[in-house]
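So the structure is just underneath, and the comments pick up after that.
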There are 2 protein chains.
Amino acid sequence: MPRMASPPQTARSERTREALRRAAMVRFLAQGVEETSAEQIARDAGVSLRTFYRHFGSKHDLLFADYDAGLHWFRRALADRPDGEPVIESVQAAIFAFPYDVDAVTQIASLRADELDPSRIVRHMREVQSDFAHAVRDHLEHRSDDPGNEALAITVTARCVAAAVFAGMEVWMQREERSLADLAELCRTALTSIADGLPVR
Amino acid sequence: MPRMASPPQTARSERTREALRRAAMVRFLAQGVEETSAEQIARDAGVSLRTFYRHFGSKHDLLFADYDAGLHWFRRALADRPDGEPVIESVQAAIFAFPYDVDAVTQIASLRADELDPSRIVRHMREVQSDFAHAVRDHLEHRSDDPGNEALAITVTARCVAAAVFAGMEVWMQREERSLADLAELCRTALTSIADGLPVR
DNA sequence: ACCAGTTTTGTCAATAGTGACAGAACGCGC
DNA sequence: GCGCGTTCTGTCACTATTGACAAAACTGGT
């Protein structure tokens, strides 16, 4: 269960990963996620089952395979913000500049919504929030003059920023109508609402 | 993998659960967590492997079996706080009044630290934080005059409160010396630091 | 092209975790 | 105690994951 999503090194392994990704996507779309076995994917990709698990910690990791790239993108976007800009602004700018691949996102999203155990999505969201918080924390540490002395303040801030963004997502998810614009609005409101104190006392 | 920790109903099943808990603890302490198989535990408890998994979503859930009780306790403690008290105070009061069973905690903690994959602990912590946030949110919703209209504010606040508490824990965990008093101090500081705005801008 | 060291795969063998279905045990009204 | 609907278990069969170890492919230097 500890998905260790082993990081690939050589071009060869990257080819294998790509083959697995493709094979999985084809099967997933054709017959559904739970109806596709890991062995099937491995065979389609022309590798052994064991090799499959060397590249992806679990069958379901394939559904979130694009996630790492997004995280890297976010970290870089944060780093590219001008010095001295308030965190909240930096985070907003980084989030809203994200280059969505609408087709891919839509395709995966439909799979996730239909075939996937909701608890799995929730768990993944928690992981994403955690990584998000770490990214923000690293950003703050990098900015700080004396990170060691501000450890608590930095950690608290980073985690709260992440909490706010994901609170926005949570509220958005519970709505009937879900537009990208609404999501952005909710996240923006959530972030600005914590800058000067908690919105509810 | 979706650990569904099925909620027990009858006295009989409670007996089974208890037997499994005990059998597991004995084995875990004697030979370590990873060196104990689920089948072994089931056999020791006198039930089938399948029955084991009906009561505990996974072998590792047994290590956190006491957790649900703690969560319930926290929810009740929150509900018992006087009306009109600021959330942050309520949460602090609820946290610090928690009745630890020092022996049990120590025993389990040593197991967790030695035998367990760190990523497993991290994952559990994320789950705990999430449940914690939900508890706070329910508390706020209960207090609010118009929860529907304040959905975002309530969710943001609940999640940030949880984020602060767990930020305190994170910092504490990274220290060499870890005393209960330090933990309390860190959580207190973390919580008060977000009341009037983020500690880092 | 050849050798030595590194990375990636395949094979084997266990353990972990689940769905489906039938039988056993339990709680309740008569 | 008896019959009946509900809950709990055991058995079977299958998929998901992982550790250990050896063979195969890839790399850089000569």
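Every chain is numbered from 1 and lettered A, B, ... according to where its sequence line falls, protein lines coming before strand lines. None of these values were measured; they are calculated from a predicted model.
- At whole-Å resolution of the value, CZ in B:Arg43 and P in D:dG10 are 13 Å apart.
- Counting non-hydrogen atoms under 4.0 angstrom, B:Ser37 reaches the backbone sugars and phosphates but no base.
- B:Leu49 comes within 4.0 angstrom of nothing in the nucleic acid, heavy atoms only.
- The side chain of B:Tyr53 contributes an N or O atom lying less than 4.0 Å from OP1 or OP2 of C:dG17.
- Remark on DNA chain C: of its neighbouring residues B:Ala11 and B:Ala38, the 5'-side contact belongs to B:Ala38, judged by nearest-heavy-atom nucleotide.
- What separates CD of A:Glu39 from P of D:dA13 is a distance of 18 Å, to the nearest Å.
- Between the side chain of B:Thr157 and the backbone N or O of A:Val200 there is at least one donor-acceptor pair closer than 3.5 Å.
- In this entry the distance linking CG of A:Leu63 with C1' of D:dA16 reads 15 Å, nearest Å.
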Quiz item: side-chain contact (heavy atoms from CB on, under 4.5 Å) between B:Asp131 and B:Phe74: does it pass, once the steps are laid out?
Solution: CA-CA 10 Å; B:Asp131 290 342; B:Phe74 177 65; over 6 Å; no
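- Side-chain N/O atoms of A:Arg50 and base N/O atoms of D:dG19 include a donor-acceptor pair closer than 3.5 Å.
- Taking the six-membered ring for Trp and thresholds of 30 and 60 degrees, A:Phe64 and A:His124 have nearly parallel ring planes, at less than 30 degrees apart.
- Within the structure, a side-chain polar atom (N or O) of A:Thr51 is placed less than 4.0 Å from OP1 or OP2 of C:dG10.
- For the pair A:Lys59 (side chain) and A:Thr36 (backbone), a donor-acceptor distance under 3.5 Å is present.
- Residue B:Gln40 contributes atom CD, which lies 9 Å from atom P of C:dT15 at whole-angstrom precision.
- Salt-bridge check for A:Glu35 with A:Arg27: failed, with every basic side-chain N at 4.0 Å or more from each acidic carboxylate O.
- Regarding A:Leu20, its CG atom lies at a distance of 14 Å from the P atom of D:dA16, rounded to whole Å.
- Looking at the side chain of A:Ser13, the nearest of the listed nucleotides C:dT8, D:dG10, D:dT17 is C:dT8.
- For the pair B:Thr10 and D:dT7, the criterion of a side-chain N or O lying under 4.0 Å from OP1 or OP2 is not met.
- Rounded to whole angstrom, the span from the NE2 atom of A:His55 across to the C1' atom of D:dT17 amounts to 16 Å.
- Following rounding to the nearest Å, B:Glu34 (CD) and D:dG19 (C1') show an atom-to-atom distance of 12 Å.
- Nearest-nucleotide assignment on DNA chain C puts the 5′-proximal partner with A:Gly46, out of B:Arg15 and A:Gly46.
- B:Lys59 places its NZ atom 10 Å from the P atom of C:dT15, with the value rounded to the nearest Å.
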